[in-house]
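Contents: one structure, followed by commentary.
Atoms within each ligand, like the ligands themselves, are counted from 1 in listed order.
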Amino acid sequence: MAEEARAQIDVWKYAHGFDVMRVVKCAIELGIPDVLESRGSPMTLSELSLAVDCSEIALYRIMRFLTHNGIFRKKLISQDPLLFHYSQTPLSRLLTTDNMGLFVLAQAGPSDKQFGLTTEDLRAGKGSGLMPTTDEMTVWNSQVDEAYEKLCRDFMARHGKVGASTVINNCPEVFKGIESLVDVGGNNGTAIGMFVKAFPWIRGINFDLPQVVCRAPAIEGVMHVGGDMFENIPKADAVMLMSVLHDWSDEMCIKILKKCKEAIPANTGKVIIYEVVIDEEGEEDEYTGARLQTDMVVMMATINGKERTGKEWTKLLNASGFSKYTIKRMKAVESIIEAFP
Ligand SMILES: C[S@@+](CC[C@H](N)C(=O)[O-])C[C@H]1O[C@@H](n2cnc3c(N)ncnc32)[C@H](O)[C@@H]1O
Ligand SMILES: O=c1cc(-c2ccc(O)cc2)oc2c(O)c(O)ccc12
């Protein structure tokens with residue numbers, strides 16, 4: 001593989017390296033290596049959930065990530081996750097509290113919700129919501145250090161830049177025939193500004209919460225509109241949703257998607273979703289690890305957010321009233337989903 005292509009994959013190890021260790025720390029705190037060791041034989045998700053007192057949904061997600069990383073082993077008896085059998089590896093045996101487990105916990109420092117998943121949240125089946133405030137709102141938590149809050153805002157703006165160039169380079173055809181495009185949850189307008197520059201026939205609307213767009217810089221060809229995507233979305237030929245839906249539960253996503261549908265023409269409109277599509281078992285590629293890491297990041301950052309598999313996207317789009325959709329896989333962590341009314 002060319003050095004450049006390898007770097008596109010390896011960079012995620014550094015971007016999410018700290019998060020990997022936070023999930024390993026939670027697994028030790030929950031006692032997963034200890035329970036598997038004392039049982040001495042493989043355990044189903046339900047058995048493990050009962051033994052470590054952790055919700056099945058949260059446990060399934062962290063075990064999906066930890067088995068992909070070779071920390072535990074998973075045996076598929078069927079495609080039903082409730083019937084997966086989990087067992088130790090030589091590595092997880094070293095992570096028991098009798099062995100190196102306490103060493104890892106000590107090095108990780110005191111448990112502090114501000115800096116990672118907590119076992120209490122996982123037990124309750126929710127994410128840690130480090131970044132939202134209340135009601136699943138994804139606005140940076142004002143209780144965190146001011147400099148860190150600014151770093152998070154700046155990081156999100158860069159995320160928009162990286163995402164927009166991935167879409168422009170890999171899927172320029174999605175912009176064909178679109179005269180107006182609204183980027184819902186577009187933050188400071190970085191992404192929509194890049195789309196309008198690359199495809200100058202498009203009129204861009206950057207739509208985000210009023211307290212977010214009021215800080216956005218003026219961008220040629222882009223109008224900033226403040227509002228609430230659960231209430232009303234400005235009308236346009238197409239709606240873009242970049243890394244927005246992964247912050248929300250299925251129920252809230254359906255509300256957002258229904259509002260997006262109302263904003264576009266019934267016969268020619270489309271919703272363009274730029275999000276991770278988690279690979280099904282046996283369909284992994286070189287980005288699978290980074291996609292699963294992003295699921296862990298979303299679990300830490302939000303309360304009910306998650307990355308979704310193709311099947312989960314189908315359910316969501318059908319429930320939101322979209323009649324058809326296509327998934328375009330890219331050489332990237334995210335994919336493009338085009339949904340049509
Ligand atoms: C994870 S960020 C994604 C930002 C940008 N699309 C990107 O990919 O970099 C989610 C965005 O959704 C916005 N948002 C959250 N709740 C919203 C709401 N009710 N209405 C409009 N935007 C909202 C946030 O302010 C934030 O800018
Ligand atoms: O801290 C994050 C990171 C992401 C993120 C990371 C990698 C990707 O490929 C996509 C997104 O998304 C976040 C997010 O949506 C949020 O509301 C808070 C924090 C983060």
Side-chain angles (χ1 to χ4, degrees), residues 8-9 11-19 22 115-117 127-141 144 148-149 151-167 181-195 205-216 224-234 239-248 252-253 255-256 259-260 263 272-278 287-308 330 332-336:
Q8 292 287 340
I9 297 159
V11 68
W12 291 101
K13 289 186 200 153
Y14 300 95
H16 293 311
F18 298 105
D19 305 319
R22 285 172 183 140
F115 295 107
L117 283 172
S128 288
L130 303 181
M131 292 173 186
T133 50
T134 54
D135 296 321
E136 300 189 277
M137 294 274 283
T138 305
V139 284
W140 306 111
N141 189 339
V144 301
Y148 182 65
E149 190 192 345
L151 176 66
C152 289
R153 283 186 204 291
D154 291 348
F155 141 72
M156 245 322 143
R158 294 307 181 283
H159 175 264
K161 185 174 165 193
V162 173
S165 60
T166 305
V167 182
L181 177 66
V182 54
D183 189 9
V184 172
N187 196 13
N188 68 352
T190 303
I192 189 77
M194 289 172 66
F195 295 140
I205 301 163
N206 179 48
F207 180 71
D208 208 300
L209 293 165
Q211 64 268 34
V212 176
V213 291
C214 71
R215 280 191 306 262
H224 293 293
V225 177
D228 181 353
M229 63 190 169
F230 293 100
E231 297 291 329
N232 190 40
I233 291 174
V239 167
M240 173 73 74
L241 282 167
M242 287 185 79
S243 303
V244 170
L245 296 176
H246 73 179
D247 286 342
W248 304 89
M252 301 300 259
C253 283
K255 288 188 183 161
I256 300 168
K259 288 289 168 196
C260 291
I272 306 162
I273 301 167
Y274 173 85
E275 286 271 8
V276 165
V277 178
I278 295 279
Y287 288 97
T288 304
R291 293 182 187 121
L292 292 171
Q293 279 167 15
T294 308
D295 184 49
M296 295 296 98
V297 171
V298 165
M299 203 183 214
M300 282 176 218
T302 73
I303 298 168
N304 288 310
K306 59 178 175 184
E307 300 298 2
R308 295 175 167 87
M330 299 183 283
V333 176
E334 283 90 354
S335 295
I336 287 284

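Residue Met156 places at least one N or O, backbone or side chain, under 3.5 Å from an N or O of ligand 1. Checked by distance only, ligand 1 and His246 stay at 3.5 Å or farther apart across all their nitrogen or oxygen atoms. At least one N or O atom of Asp247 sits closer than 3.5 Å to an N or O atom of ligand 2. Backbone and side-chain nitrogen or oxygen atoms of Asp228 are examined, and one is located within less than 3.5 angstrom of a nitrogen or oxygen of ligand 1. Polar contact check, Met242 against ligand 1: a nitrogen or oxygen pair lies under 3.5 Å apart. Here's the thing with His246: one of its N/O atoms is less than 3.5 angstrom from an N/O atom of ligand 2.
Near Phe155, meaning under 4.0 Å from one of its heavy atoms, ligand 2 places the atoms 1 (O), 2 (C), 3 (C). Each of the following atoms of ligand 1 lies closer than 4.0 Å to a heavy atom of Ser243: 1 (C), 3 (C), 8 (O). Less than 4.0 angstrom separates some heavy atom of Glu334 from each of these atoms of ligand 2: 8 (C), 9 (O), 10 (C). Listed by number with element, the atoms of ligand 1 under 4.0 angstrom from any heavy atom of Phe230 are 19 (N). Taking every heavy atom of Gly160 and a limit of under 4.0 angstrom, the matching atoms of ligand 1 come to 9 (O). Near Val212, with a cut-off below 4.0 Å to any heavy atom, the atoms of ligand 1 are 25 (O). Each of the following atoms of ligand 1 lies closer than 4.0 Å to a heavy atom of Asp247: 1 (C), 10 (C). Proximity to Ala301 (heavy-atom distance under 4.0 Å) selects the following atoms of ligand 2: 18 (C), 19 (C).
Within the model, atoms NE2 of His246 and OG1 of Thr294 stand 8.0 Å from one another, a figure rounded to the nearest 0.5 Å. Atom CZ in Phe195 sits 6.5 Å away from atom CG in Asp183 (nearest 0.5 Å). Taking CG from Leu245 and CD1 from Ile256, the interatomic distance works out to 5.5 Å, rounded to the nearest 0.5 Å. Between the CZ atom of Phe230 and the CE atom of Met252 there is a distance of 4.0 Å, given to the nearest 0.5 Å.
Neither the backbone nor the side chain of Tyr274 has a heavy atom within less than 4.0 Å of ligand 1. In Leu209, the parts holding a heavy atom less than 4.0 Å from any atom of ligand 1 are both the side chain and the backbone. No part of Tyr274 comes within 4.0 Å of ligand 2, judged by heavy-atom distances.
The closest donor-acceptor contact from the side chain of Ser165 to the backbone of Val162 lies under 3.5 Å. Within the 3.5 Å criterion, the main-chain N or O of Glu231 finds a donor-acceptor partner in the side chain of Lys259. Between the side chain of Glu334 and the main chain of Gly163, no donor-acceptor pair closer than 3.5 Å is present.
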Going through the checks in order, is the side-chain contact (heavy atoms from CB on, under 4.5 Å) test met by Asn187 and His159? CA-CA 10 Å; Asn187 196 13; His159 175 264; over 6 Å; no
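The option with the heavy atom closest to atom 16 (N) of ligand 1, from among Glu275, Glu231, Lys255, Met229, is Met229. Nearest to atom 3 (C) of ligand 2 by heavy atom, out of Val244, Val297, Asp19, is Val297. Counting only non-hydrogen atoms, the option in Asp208, Thr190, Val184 that gets closest to atom 25 (O) of ligand 1 is Asp208.
Ligand 1 has at least one atom lying under 4.0 Å from a heavy atom of Gly227. Taking a 4.0 Å cut-off on heavy atoms, Met156 registers as neighbouring ligand 2.
Side-chain contact between Val276 and Val333 is present, with heavy atoms from C-beta onward closer than 4.5 Å. The shortest side-chain heavy-atom distance between Gln293 and Asp19 does not fall under the 4.5 Å cut-off. Arg22 places a side-chain heavy atom less than 4.5 Å from the side chain of Met300. For the pair Glu307 and Val298, the minimum side-chain heavy-atom distance is below 4.5 Å.
For Asp295, the salt bridge (Lys or Arg N to Asp or Glu O under 4.0 Å) criterion is met by Arg61, Arg64, not counting sequence neighbours.
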